[in-house]
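Numbers restart at 1 for each chain; the letters A, B, ... are given by sequence-line order, proteins then strands.
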2 protein chains.
Amino acid sequence: MIGAIHETGAINNMQQKVHKLFANIVDARYPKPACSACDLRDLWCLPMGLKGQQSKQLDGIINRRKRVKRGEYLYRAGDPFRSLYALRTGFFKTFLSSESGQDLVTGFHMTGELLGLDAICNDSHCCNAIALEDSEICEIPYSELECLCREIPALQHQFHKIMSREIARDHNLMALLSCMHADERLAAFLINLSQRFQVRGYSPVQFHLRMTRGEIGSYLGLKLETVSRTLSKFQDEGLISVQHKLLILNDLPRLKQIVERNHSSGALCKS
Amino acid sequence: MIGAIHETGAINNMQQKVHKLFANIVDARYPKPACSACDLRDLWCLPMGLKGQQSKQLDGIINRRKRVKRGEYLYRAGDPFRSLYALRTGFFKTFLSSESGQDLVTGFHMTGELLGLDAICNDSHCCNAIALEDSEICEIPYSELECLCREIPALQHQFHKIMSREIARDHNLMALLSCMHADERLAAFLINLSQRFQVRGYSPVQFHLRMTRGEIGSYLGLKLETVSRTLSKFQDEGLISVQHKLLILNDLPRLKQIVERNHSSGALCKS
DNA sequence: CGAGTACTTGAACAGTGTCAAGCTTAGTGG
DNA sequence: CCACTAAGCTTGACACTGTTCAAGTACTCG
């Protein structure tokens with residue numbers, strides 16, 4: 001427990017630094033977003049690997065930044081597809097909804113990720129995207145992106161990579177859903193979140209869950225009661241500390257063991 | 001039962017016609033494959049929507065057709081990524097394998113489908129592809145495809161659509177794995193196969209399963225015993241007739257009811 | 001501060017998984 | 001062509017994980 005508190009202190013420092021960094025960049029970017037000045041370029045977002053001039057071309061097609069408040073939809077299933085959305089700051093969930101009223105969460109999305117890729121095939125969105133916290137997105141008109149991809153090979157390649165990664169990621173999630181137990185799923189989920197926060201400069205061992213237990217359950221193919229019980233179990237075992245939405249990972253290595261014991265590829269923890 | 005036999009007769013006729021059709025096309029195509037003359041152009045394969053001249057450009061980059069015998073690998077996880085593969089005839093499964101020796105089937109692939117899309121992000125294949133029957137594929141060097149996409153907007157758009165569809169499809173499969181019972185999963189699986197056979201000109205109500213019960217189970221997140229039991233149950237209820245690998249769907253509407261009762265979107269049966 | 005939502009926990013139950021045995025089929029080699 | 005073998009399949013009995021239903025608690029937001 002004492003160890004946990006020490007760690008937490010270090011984390012707070014780190015988070016403060018990162019927050020400052022982000023704040024600076026946001027200030028510098030007003031009033032128009034600029035891929036060329038965007039901190040997400042290191043994060044597999046579209047501008048990754050582009051040179052100065054090319055980035056500016058990408059800036060040219062990106063519509064003004066849009067704010068999406070917590071609880072608001074970015075798009076709904078059935079909406080006509082015009083644009084992809086790069087998530088600048090915030091947190092989204094995407095979900096399918098069936099007529100019977102059951103929602104199924106297909107993903108949680110963080111800074112730097114691209115939303116709407118599954119809509120290209122239909123010319124309409126086939127899932128819903130809703131902000132789980134106040135967020136900011138860059139709207140990228142798809143037809144213009146296609147044009148630009150024809151001019152800038154590096155952009156084209158990066159775009160293909162992003163789509164491909166989405167496919168590979170889904171396959172890993174399918175693996176999780178097919179053959180993991182509740183505790184393994186949850187451990188994999190926490191490790192995944194941890195890694196994604198870390199890449200973005202946040203603490204990998206302490207973070208706020210933006211989603212409810214029910215949403216986690218929906219994503220992992222479990223009922224919310226099972227999620228709750230499993231979190232409690234992890235806490236009893238000293239692996240984590242949970243206080244409502246605040247999560248501290250006290251023993252990341254042992255958490256990884258839970259996943260790797262039966263699924264040594266570790267593929268399931270990938271972003 | 002008598003109804004089933006009548007249906008079967010009709011199906012055999014249909015299948016013969018289709019086989020003939022395919023045979024003609026195959027003959028016409030020797031010794032080099034030609035997208036411009038390929039029957040798969042109606043099937044969401046890459047040449048879909050391309051005009052004559054454009055198709056020929058695509059022909060230009062496609063390497064000679066390759067045969068893959070049943071049981072042979074088309075590629076393995078870890079192989080360097082150079083090409084995508086369009087499946088001309090035959091049947092493949094793709095699967096992840098973990099070090100612990102567990103395989104996990106991520107997809108079954110039929111004529112007209114594109115394999116290897118998940119490898120773009122890593123420059124190496126992250127799953128294995130193995131032929132479940134003697135097959136023929138067109139190898140499409142990826143870097144040349146990217147070049148050509150920059151020249152032919154219609155090809156670029158079609159390629160993006162194919163990737164997007166793969167993502168949307170995976171989301172539907174995740175939905176199946178997250179919230180369906182064994183009988184619903186299997187019903188959805190059979191309907192899916194049925195529709196894919198139908199689109200390809202084969203009977204939607206009678207076909208050979210190319211995969212084992214274990215592979216079906218792996219794909220659907222069930223054990224092979226459960227697959228076997230559920231098939232037996234469906235047979236007892238008169239929904240289907242199974243004889244080893246030969247499958248007859250006697251009551252497609254009722255099969256659909258099983259899926260739609262609890263999951264009315266029906267999304268899960270999509271291609 | 002109050003109402004509604006989210007969360008935790010318990011107990012009973014159902015659906016799959018596990019283990020085991022026996023059967024069928026396909027493929028191999030004599 | 002037949003016999004043999006290995007792989008695939010079916011079925012039963014039982015165990016166990018996760019779900020369901022229910023009750024109570026804690027938080028959040030207006």
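- Remark: P of dT19(D) and CZ of Arg213(A) are 16 Å apart, rounded to the nearest angstrom.
- Summary of the strand contacts: Met211(A) and Leu222(B) both lie near DNA chain C, and taking for each the nucleotide with the nearest heavy atom, the more 5' one is attributed to Met211(A).
- For the residue pair Asp103(B) / Ser218(B), no side-chain donor-acceptor distance below 3.5 Å is found, with atom types taken as modelled.
- One finds a side-chain N or O of Lys245(A) lying less than 4.0 angstrom from the OP1 or OP2 phosphate oxygen of dC7(C).
- The side chain of Ser228(A) places no N or O atom within less than 4.0 Å of a non-bridging phosphate oxygen (OP1 or OP2) of dA6(C).
- Between Leu224(A) and Ser178(A), the residue anchored closer to the 5' end of DNA chain C is Leu224(A), taking for each the nucleotide with the nearest heavy atom.
- At whole-Å resolution of the value, NZ in Lys233(A) and C1' in dC7(C) are 19 Å apart.
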Please produce a list of atom pairs where a protein N or O lies less than 3.5 Å from an N or O of nucleotides 21-25 of chain D.
unit_1  : atom_1 : unit_2    : atom_2 : d
dC21(D) : N4     : Glu225(A) : OE2    : 3.4

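- What separates CD of Glu133(B) from P of dA26(C) is a distance of 15 Å, to the nearest Å.
- Picking from dG15(C), dT18(C), dG18(D) the nucleotide with the shortest atom distance to the side chain of His181(B) gives dG15(C).
- Proximity of Thr212(B) to the phosphate of dG8(D): no side-chain N or O atom is located under 4.0 Å from OP1 or OP2.
- Within the 4.5 Å cutoff, no side-chain heavy atoms of His125(A) are placed close to those of Arg76(A).
- Arg213(A) is not listed as a side-chain neighbour of Lys223(A), based on a closest heavy-atom distance of 4.5 Å or more.
- Rounding to whole angstrom units, CG of residue Leu231(A) and P of dC7(C) are separated by 10 Å.
- Taking the six-membered ring where tryptophan is involved, the planes of Phe197(B) and Tyr202(B) are perpendicular, since the angle between them exceeds 60° and thus also 30°.
- Of the side-chain N and O atoms in His244(B), one or more sit less than 4.0 angstrom from OP1 or OP2 of dT25(C).
- The CD-P distance, from Glu184(A) to dG17(C), rounds to 14 Å in whole Å.
- For dT10(D), the OP1/OP2 oxygens have no side-chain nitrogen or oxygen of Ser232(B) closer than 4.0 Å.
- No side-chain N or O of Thr94(B) forms a donor-acceptor pair with one of Asn128(B) less than 3.5 Å apart.
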